[in-house]
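Everything on this sheet refers to the single structure shown next.
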Amino acid sequence: MLKMSTLLLRTLRDDPADAEVASHRLLVRAGYVRRIAAGIYSWLPLGYITLRNIERIIREEMDAAGFQEVHFPALLPREPYEKTNRWDEYGADLFRLKDRKGNDYLLGPTHEEMFTLMVKGEYSSYKDLPLSIYQIQNKFRDETRPRSGIIRGREFVMKDSYSFDLDDEGLAASYEAHRQAYIKTFDRLGLKYNIVSAVSGAMGGSRSEEFLAPCSTGEDTYVLCEKCGYAANVEAMTTKVEAYSGSAAQVMEIFDSPSTPTIDSLVDLLNEKFGPGHKASDTLKNVMLMADSKAISVLVPGDREVDLKRLQANMPGVEEIRMFEDADFAKFPGLVKGYIGPQDAKKNGIEVLADPRIVIGSHWITGANAKDKHVRFVTNGRDFEVDKYIEAVQVRAGDLCPNCQTPVIIDRAIEIGHIFQLGRKYAEALDLTVLDKDGKSRVVTMGSYGIGVSRAVAAVAEQTLDEIGLSWPREIAPADVHVVATGREDEVFQAAKTLAEDLEEKGLRVMYDDRREASAGVKFKDAELIGIPFIVVVGKALAEGKVEFRVRKSGEKSEIELLKAVTEIYNAVTKA
RNA sequence: CGGGGCGUAGCGUAGUGGCUAGCGCGCCUGCUUUGGGAGCAGGAGACCGGGAGUUCGAAUCUCCCCGCCCCGACCA
């Protein structure tokens, strides 16, 4: 039983000055966590119980799925990370240190290498697969900007799993098993979440999804279709377009367009010259970029911007994308800055990538590759060729859902889980192979699956808190029921203590506010701040042989006969 | 890393050149109070982030450093 009189807990009346987001403010005020350094937090008893409850649920679901728990050190040697090139690739985000002999060590940011090596050390036959193992461990990343309290820390608790399979079908099955386990886990945590398709990025995996808990303070942006449920990370959103249905345009017509460096100024000129009704979306923007050392042109409708992050996510293998600079223009004399059109791209030796909205047969107003000249009726497929269609424009609310063509909304969320098919990158780098049926050596294929455990504490808090404090789902709360004794008479405290003990005997986890010196008001405020889902007040109603039962979330209050209290409270708490 | 802001007691803060650094919460002692963050009285707690400088005198001005928060860039 948690007794308030002895609990290491000091609630704060004022919001801490360094906390902005609600979960952070309340977790500090309610005495769950304390900041030690930027992005580094200590857990006080209430917070640690909560964190362990979440760990417990995750562990139960992982075990139920047949995954096995292991544990690695947080302090790791350099060599394995050297072999996979991550000692360098991870860059400044990696916490590095040296031992007394001058050897390099790191604090693990994620443990692919160690898992791979563990399996390599123990297994060597296809008969041993499939295998899924996981750990719950503190991870370290020297984030450039830790923020939002526990949501993005430099040390945090993560559950990471890895699956090992012989072939792609096996990997798909392991992936699905994790997906289902995650659904069960997050449902039990009481989180609202969307599973969104993500881009697997440079890792080269074939499938990747994120579990996003919607919340205004979240730092991830995603697209959601409220009609059909389609959800995607903005980078992974796809565009569905209809074939061009308009009539074919007349031949290209070049016209003078002095001083129209921007799309807006061009549209003004068009309306003046060719009559009103021209829109930015009738024009074609040619964005010149350098992808690593290759010049590319990205065509987007004039009313759209290129989202470099999204573009890069859709160009696997490309490490750096940047805008053309004057020096780059100098290398392509055929390109007239501000008046570029795709008509001469072939001639200039530039690869043309285009937004899918630039469909075959559609015609556009674009630059004429000559100073102060534009051209209209430039038709895709007739006057220029697109080498490749690519999703690269900035996604906007109101863009159409690729499934059902309904305008989508854009929402913010906290990423609480990420599952993806890693493939053979680590197995190859660390030479994890097994012998197959035919006695041939085969590289194992892997999946990687993470849950932000400490982050989940904040995510649940964000989704459940209200103006007066935290408000946990029962399985996560530090206790099931919070018994508050008010008044000063010994009988009250005696009755409250007995009730608390009886409830505990029944199997409930009880927090008991047995403080003699605190006023009723203080105790009520604290109980509401702390957020245990049910509050039982033993106080003035005791004179009539009753106690008060409150539901934290709804604020409902009711009176219960003391004699029936244990049973009724037990029933109310456990059925909820 | 770029932009903005901040650093005074455990927490929230006042104090923009003047002598003993003030207030609220919390904490300790006593009395009173006890259903919505109680009252009175007394008390403990601060090298004013650090260093250097300017000055008769620095929390206050100058310079350097450190730390923290927010926005952006970045990020399983």
Side-chain angles (χ1 to χ4, degrees), chain A residues 8-21 24-25 28-31 34-40 44 86 89-94 108-112 137 139-149 151-154 156 158-162 198-203 205 208-211 217 219-220 233 235 308-309 312-313 320 322 415-420 422 426 447-453 455 468-469 484-489 492-493 513 515-529 535 537-543 547-548 550 555 557 559:
Chain A
L8 175 52
L9 169 71
R10 197 102 303 162
T11 58
L12 304 176
R13 197 178 296 204
D14 299 307
D15 283 334
D18 62 0
E20 194 90 346
V21 305
H24 185 197
R25 260 184 7 240
V28 172
R29 274 193 57 203
R34 292 288 182 256
R35 194 182 67 77
I36 296 303
I40 302 178
L44 279 71
R86 289 212 295 182
E89 263 175 23
Y90 229 98
D93 277 9
L94 194 63
T110 169
H111 283 75
E112 280 82 357
Q137 182 39 306
K139 306 285 179 172
F140 301 83
R141 292 183 197 170
D142 193 0
E143 295 281 351
T144 41
R145 183 149 97 82
R147 68 182 110 181
S148 310
I151 294 176
R152 176 170 293 273
R154 293 195 293 171
F156 55 98
M158 172 163 144
K159 189 289 302 179
D160 52 334
S161 310
Y162 300 86
V199 175
S200 34
M203 295 287 188
S208 168
E209 288 167 297
E210 289 171 356
F211 288 72
T217 50
E219 48 180 3
D220 280 52
N233 190 298
E235 287 151 30
L308 289 181
K309 221 174 137 185
Q312 179 153 18
E320 191 202 5
R322 60 171 175 82
E415 181 185 351
I416 46 173
H418 195 163
I419 54 180
F420 70 105
L422 258 187
Y426 292 93
S448 156
Y449 318 90
I451 293 179
V453 182
R455 176 181 282 186
I468 57 176
V484 176
T486 68
R488 52 195 313 209
E489 303 78 21
V492 171
F493 284 86
D513 194 344
R515 291 175 298 175
R516 289 277 186 158
E517 65 287 355
S519 70
V522 168
K523 292 179 177 179
F524 293 154
K525 291 286 185 201
D526 276 347
E528 285 150 0
L529 218 208
I535 299 164
V537 184
V538 181
K540 68 178 185 194
L542 194 63
V547 296
E548 187 179 310
R550 300 179 178 186
K557 300 177 185 179
E559 294 207 328

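Chain identifiers are assigned alphabetically (A, B, ...) following the order of the sequence lines, protein sequences preceding nucleic acid strands; residue numbering begins at 1 within each chain.
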Residue A17(A), side-chain heavy atoms: nucleotide from rC68(B), rU13(B), rC74(B) that is nearest: rU13(B)
Using nucleotides 1-7 of chain B, report all nitrogen or oxygen pairs with the protein that are shorter than 3.5 Å.
none

Please identify each residue that fulfils side-chain hydrogen bond (donor to acceptor under 3.5 Å, both in side chains) with T110(A), with sequence neighbours left out. E112(A), Y162(A)
Mind checking what makes ring-ring contact (aromatic ring centres under 6.0 Å, His included) contact with Y449(A), not counting sequence neighbours? H178(A)
Set of side-chain contact (heavy atoms from CB on, under 4.5 Å) partners for R322(A), sequence neighbours left out: M290(A), E320(A), E325(A), D328(A)
Want to know the stems of RNA chain B: at least 3 consecutive Watson-Crick or G-U pairs with distances under 3.5 Å, which are they? B:1-7 with B:66-72, B:10-13 with B:22-25, B:27-32 with B:38-43, B:49-53 with B:61-65
Kindly say if T486(A) contacts the phosphate of rU34(B), meaning a side-chain N or O under 4.0 Å from OP1 or OP2. no
Set of side-chain hydrogen bond (donor to acceptor under 3.5 Å, both in side chains) partners for K139(A), sequence neighbours left out: H111(A), D160(A)
What pairs with D18(A) under side-chain hydrogen bond (donor to acceptor under 3.5 Å, both in side chains), at least two apart in sequence or on another chain? R35(A)
side-chain contact (heavy atoms from CB on, under 4.5 Å) against A17(A), all qualifying residues, sequence neighbours excluded: none
Can you name the side-chain contact (heavy atoms from CB on, under 4.5 Å) partners of A485(A), sequence neighbours left out? V492(A), F493(A), A496(A), Y512(A)
Review item, nucleotides 22-25 of chain B N/O atoms under 3.5 Å of protein N/O:
| from | atom 1 | to | atom 2 | distance (Å) |
| --- | --- | --- | --- | --- |
| rG24(B) | N2 | D14(A) | OD2 | 3.4 |
| rC25(B) | O3' | R13(A) | NH2 | 3.0 |

I'd like to check the side-chain contact (heavy atoms from CB on, under 4.5 Å) partners of D15(A); sequence neighbours left out, ordered by chain and number. R25(A), R29(A)
By side-chain hydrogen bond (donor to acceptor under 3.5 Å, both in side chains) - contacts of S161(A) (at least two apart): K159(A)
